[in-house]
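Scroll down for the structure; my scribbles are underneath it.
Reckoned from all heavy atoms, side chains included, excluding hydrogens, waters and symmetry mates.
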Amino acid sequence: MRRERSGLGPDWHVGGELAARYAAGTAAESDAWSLEKHIEACGACAAAVSSAVRAGPETGPLLAGIRAAVLERAVQEPRESVGSRAYAGDPEAHESAASPAYADTGTAARTGADTGIGTSTRTGTGPGASTTTSTGAGTTGVPPRLSRAARVVWAAGPALRGAWLVALVVVALGAVALSYGAGLGASVRPLLLVTAPVLPLAGVALSYGLHADPLYEIATSTPSGGLRLLLTRAAAVLAVSVPALTLAGAVLPVAAGGPGAAAWLLPGLALTIAALALGSFVGGRRGAAAVGAAWLAFVVAPATATAGGPAGAALMAGASPYFAGPAVQSGWAAGAAACALLLAARRRSFDHLETP
């Protein structure tokens, strides 16, 4: 770095020594994160880091091979597309093949091969004309603001884009519907109380890992991957599930002497962190499944057995010992803290790929 203290002032840039350590994978996490954030806005430093990575004895040949394959595909793909249409008898395809714009496709790709940047801009004329910008990563017509929003949604993880979110809404709205629509009244709150802590577990299991994220291998190899990305996605799951389930519990009729609508929060947090800590040993999906099974065996089953079945005040009485009282809540808080310490100690395990 060109300053003693990283990230301070506008004149901070990536030095050759830091770029070399980053390329070799030996840079400290804080330095790697600062570097990665800085090169998003600094083209000169991005070029320096790119050169350091390409000069590496292991990464250089690999990246060169990938780049050559991508550029070759970029040249061939438009020709294959137009050629297939021409073969099918599309007269517009023959015109496209002979047009200057089509000829520019190969020129742009070859320019990228020469410069290593692969950026070109084309402006069409006539009806439906548009301007597109092509980079080495492809062509995009997405406005920058929308693309940033899309990146945030993508970073939040697969759980918030799939069936888990639908299941969460169904549980929250279903509890309200059963209470008021089906006439079950206060008997629904204990059911929601024992169900709520395990819903974030499913979201965390579906947010990160070999079986959940199609970009898992790529994400893990970046400084922003590993535990940092996992915690970001876990926080996104909690940010959605906590308000939804707490509000659903708050509008349900209150059972006499039962825990409040927010009594599940500390147990839910403790279970989520426990699943993350256990996932550092056995993988995220297995860790969440094991913690969920333990909750079912040691909390849900005894509560329903004590109540003689999932009904009314008896179930609330069976579930209350696991939620109500300062001592119980303090125990859950202590458990969450202990699991957080274990997770911090095991943070390096998330830098490696999970085994199937």
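A distance of 6.5 Å separates OH in Y216 from CG in L210, rounded to the nearest 0.5 Å. Note that CG of L201 is 10.5 Å distant from CH2 of W164, once rounded to the nearest 0.5 Å. One finds the CZ atom of R285 at 9.5 Å from the CG atom of L206 (value rounded to the nearest 0.5 Å). The CG atom of L192 lies 10.5 Å from the CG atom of L178; values are rounded to the nearest 0.5 Å. L227 contributes atom CG, which lies 8.0 Å from atom OG of S349 (distance to the nearest 0.5 angstrom). Separation of atoms CG (D31) and NE2 (H38) is listed at 13.0 Å; rounding is to 0.5 Å.
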**OP:** Could you please spell out the steps behind the side chain to side chain contact (heavy atoms under 4.5 Å, CB included) verdict for L342 and L278?
**Re:** CA-CA 9 Å; L342 177 60; L278 184 58; over 6 Å; no
Subject >> Residue pair L296, V198: steps toward the side chain to side chain contact (heavy atoms under 4.5 Å, CB included) verdict >> reply: CA-CA 9 Å; L296 179 65; V198 297; over 6 Å; no
Original post:
Where do L271 and W264 land on the side chain to side chain contact (heavy atoms under 4.5 Å, CB included) test, with the steps shown first?
Top reply: CA-CA 10 Å; L271 293 184; W264 72 275; over 6 Å; no
**OP:** Quick one: do L276 and L231 satisfy side chain to side chain contact (heavy atoms under 4.5 Å, CB included)? Show the steps, please.
**Re:** CA-CA 9 Å; L276 296 177; L231 291 178; 4.0 Å; yes
**OP:** Tell me, with the steps shown, if S280 and R346 meet side chain to side chain donor-acceptor pair (under 3.5 Å).
**Re:** CA-CA 6 Å; S280 67; R346 293 279 302 167; 3.3 Å; yes
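Heavy atoms only, all atoms of each residue included: A297 and P302 are closest at O-CD, 3.3 Å. Closest approach of R189 to G249, counting heavy atoms only: NH2-O, 2.5 Å. Heavy atoms only, all atoms of each residue included: L168 and S241 are closest at CD2-CA, 3.7 Å. In terms of heavy-atom proximity, P197 sits nearest to P200 at O-CD, 3.5 Å. The minimum heavy-atom distance between C45 and V14, with the atom names listed, is SG-N, 3.3 Å. Looking at every heavy atom in both residues, Y208 comes nearest to G226 through OH-N, 3.1 Å.
Without hydrogens or angle criteria, R347 side chain to A344 main chain gives a donor-acceptor distance under 3.5 Å. At least one donor-acceptor pair closer than 3.5 Å links the side chain of T272 to the backbone N or O of G268. Between the side chain of T232 and the backbone N or O of R228, at least one donor-acceptor pair lies under 3.5 Å.
Following chains of ILVMFWY side-chain contacts shorter than 4.5 Å, one cannot reach L230 starting from W33, and the two form parts of different hydrophobic clusters. Residues Y22 and L63 share a single hydrophobic cluster, defined by chaining ILVMFWY side chains whose heavy atoms lie under 4.5 Å apart. Following chains of ILVMFWY side-chain contacts shorter than 4.5 Å, one cannot reach L199 starting from L247, and the two form parts of different hydrophobic clusters. V251 and V169 are assigned to two separate hydrophobic clusters, defined by single-linkage of ILVMFWY side chains at heavy-atom distances under 4.5 Å. Cluster membership for V282 and I273, using ILVMFWY side-chain heavy atoms within less than 4.5 angstrom, is shared.
The local environment of OH in Y180 is crowded, with over 12 non-hydrogen atoms from other residues, nucleotides or ligands closer than 6.0 Å.
Relative orientation of the F323 and W295 rings is perpendicular, given thresholds of 30° and 60° on the angle between their planes.
With sequence neighbours excluded, no residue forms a side chain to side chain donor-acceptor pair (under 3.5 Å) with S330.
Annotation: side chain of R21 is in contact with side chain of L18 (closest heavy-atom distance under 4.5 Å). Using a 4.5 Å cut-off on side-chain heavy atoms (C-beta onward), L238 and L269 make contact.
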